[in-house]
Protein chains: 2
Amino acid sequence: MRYFVAVAEELHFGRAAQRLGIAQPPLSRAISRLERRLGAVLLERTSRAVTLTEAGAVLLREGRAALYAVEAAERRTRRAATGHHGVVLATKAGASGELLAKLLDAYAAEPGAVGVDVLLCGIGEQERLLRDGRADVALLHLPFDATAGLDTEELHTEGQVLLLPAGHPLAGRPHVRMAEVADLPGLPLPRWPGPDGTYPDGPGPQARDTAQLYQLIALGRACVIMPESGGVHLRGDLATVPVLDAPPVTTVIAWPPHSRSKAVADLVRTATGL
Amino acid sequence: MRYFVAVAEELHFGRAAQRLGIAQPPLSRAISRLERRLGAVLLERTSRAVTLTEAGAVLLREGRAALYAVEAAERRTRRAATGHHGVVLATKAGASGELLAKLLDAYAAEPGAVGVDVLLCGIGEQERLLRDGRADVALLHLPFDATAGLDTEELHTEGQVLLLPAGHPLAGRPHVRMAEVADLPGLPLPRWPGPDGTYPDGPGPQARDTAQLYQLIALGRACVIMPESGGVHLRGDLATVPVLDAPPVTTVIAWPPHSRSKAVADLVRTATGL
DNA sequence: CGGGATCGATACCCGTGGGGTATCGATGCG
DNA sequence: CGCATCGATACCCCACGGGTATCGATCCCG
């Protein structure tokens, strides 16, 4: 399964074998064996290109989920064995700072509270972390993060603001609309790296975290639309303007569906009661 | 993992080995190997008894989920490979009959509708069927069925009625309360088989399906509390009485969280629009 | 149009890991 | 105290997964 996912992602037997730390021939054989066992053609290969069949696409999605489940089983068992009863909370670096602080304070005051390790992660990573057992609970932001397959509780909904250089003409406006922001001359929206660490193609500068982002905006090279709470502690060289028709952002607390941990349950209850 | 789950369920190496179709010694070795790889003691064994450790309980839960995920990956890939684009809907035998009929009719009239195989299953089985890929979508009844880890949409909420023999003194009452039903002389609640096919201990007759149940009730050997819609097409020898304080039953349509199938999406949309 | 480069498949060899049988050691019971 | 039960250990063997060498097909370029 690991082998198939690697090939399906690379669409190249040689590179996939390298990534897996094995030679190419055993990889080829493993894939054909898998195809024979499933009675399904997973990959169309010519000597120049490898493409996924429909069945292959299904197995890529389902197989990834299965691999995550196995990883999660390993990790959670190891953690349970150490007797270390802390809980790992994942959240995007630089988001929901205030909410997170209130949550951690309130939970620490609960009877029976255990240690909470905060795991700051990149955009969209939380789902993966919950799924493969590296985190026990996470703060997500709808509609950006996927919550399929996770149990969630809504915590907070807020509007979004446009973040731009303090001196910009729009900075003095009481509010703006999405259409006005779409193509501000010289202020494109930045590009964020995807889960694989590469940046999508297109215009706009590349930013990896909020520090880089603030820098870019201060330099007048970008603007961004973000939740109100992300713009409360501003540098003097940045300004915010409410965006009237931006989709509202809902912060939710999410946890893997089979969680039987008292700590996670307490944390969720504390969060919803804030 | 399969080996560990078998041992953890049987709590007996010999029986587990038999169930797995292998001899006992390799099973013992496989488990110790797993324990060494995870660095965790999973089972306390004396020569007379085997018990789960805390870490073992975690691995049992997570490992089951992982095994289901692998089975689901296999099944869904095989199905995708056949090019057979039908969808499998699981529902409890004898429940939600009218709703199901309306849903199937309405969906069949949709443009792009595909074949729907209805898979009638026992109580509480739907979750398992969705998880291991044998079904694509299911009708569940809250609060009885677990929905953790599934995506759901609510369809319908209804009260519950008491089902008893037509001649019974309570049959003429306009309504009853839970407390009155708890210990009706000579009319105990029946026992249902669990997921493993065995009946729980206790009083009350054993019933495997609604036909057996109706028979038992008509014979004056049992009564049961069920959703209103289960009592609409009654045999003449049965009567229903609303139970005022029974928890309301919500019928939901559920599907596995990563479903990318247009058919499932259409079915869900049709169901919510009924 | 042909030679080289690229890439997946095939042929062949080898070592290890997982399976089998026989047996041991510990524990509970009559 | 002897026997039955049950998991662990010892020992053997083969099949499966991995490695190297090479083939065959396709595309690129001169």
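In what follows, every chain begins at residue 1, and chains take the letters A, B, ... in the order their sequences are listed.
Residue Pro25(B) has its side chain nearest to dT9(D) when only dT10(C), dT9(D), dC6(D) are considered. For Pro26(A), the side-chain atoms get nearest to dG18(D) when compared with the rest of dC7(C), dG18(D), dT21(C). The Val50(B) side chain lies nearest to dG7(D) when the options are dT21(C), dG19(D), dG7(D).
Taking only distance into account, the side chain of Arg29(B) meets the base of dG20(C) through a donor-acceptor pair shorter than 3.5 Å. Below the 3.5 angstrom threshold, one finds a donor paired with an acceptor across the side chain of Arg48(B) and the base of dT5(D).
Rounded to a whole Å, the CD atom of Gln24(A) is 11 Å from the P atom of dG19(D). Leu20(B) has its CG atom 10 Å from the P atom of dG19(C), to the nearest Å. Counting to the nearest Å, the C1' atom of dC6(D) and the CZ atom of Phe13(B) are 10 Å from each other. Separating the CD1 atom of Ile31(A) from the C1' atom of dG8(C) is a distance of 12 Å, rounded to the nearest angstrom. Remark: C1' of dT21(C) and CD1 of Ile22(B) are 14 Å apart, rounded to the nearest angstrom. Distance CD (Gln18(B)) to C1' (dG20(C)): 16 Å, rounded to an integer number of Å.
Side-chain atoms of Thr91(B) do not come within 3.5 Å of backbone N or O of Leu120(B) as any donor-acceptor pair.
Partners of Val50(A) under the side chain to side chain contact (heavy atoms under 4.5 Å, CB included) rule, at least two apart in sequence or in another chain, are Leu11(A), Phe13(A), Leu43(A), Arg45(A). Scanning for side chain to side chain contact (heavy atoms under 4.5 Å, CB included) contacts around Ala263(B) gives Val87(B), Tyr107(B), Val114(B), Ser261(B), with sequence neighbours left out.
For the segment residues 33-43 of chain A, the set of residues with a heavy atom within less than 4.0 Å of an atom of DNA chain C is empty.
Glu71(B) and Arg2(B) are not joined by a salt bridge, as no carboxylate oxygen comes within less than 4.0 angstrom of a charged side-chain nitrogen.
Summarising the geometry, atom CD belonging to Glu127(A) is positioned 10.5 Å from atom CG belonging to Asp132(A); distances are rounded to the nearest 0.5 Å. Rounded to the nearest 0.5 angstrom, Leu140(B) CG and Lys92(B) NZ are separated by 6.5 Å. Atom CZ of Arg75(A) and atom CZ of Arg134(A) lie 5.0 Å apart (nearest 0.5 Å).
Nucleotides of DNA chain D nearest to Tyr3(A) and Leu11(B) differ in position, and the one nearer the 5' end is that of Leu11(B). Remark on DNA chain D: of its neighbouring residues Leu27(A) and Arg15(B), the 5'-side contact belongs to Arg15(B), judged by nearest-heavy-atom nucleotide.
A sub-4.0 Å separation between OP1 or OP2 of dA9(C) and a side-chain N or O of Ser28(A) is present. Contact annotation: Arg45(A) side-chain N/O to dA9(C) OP1/OP2 distance is under 4.0 Å.
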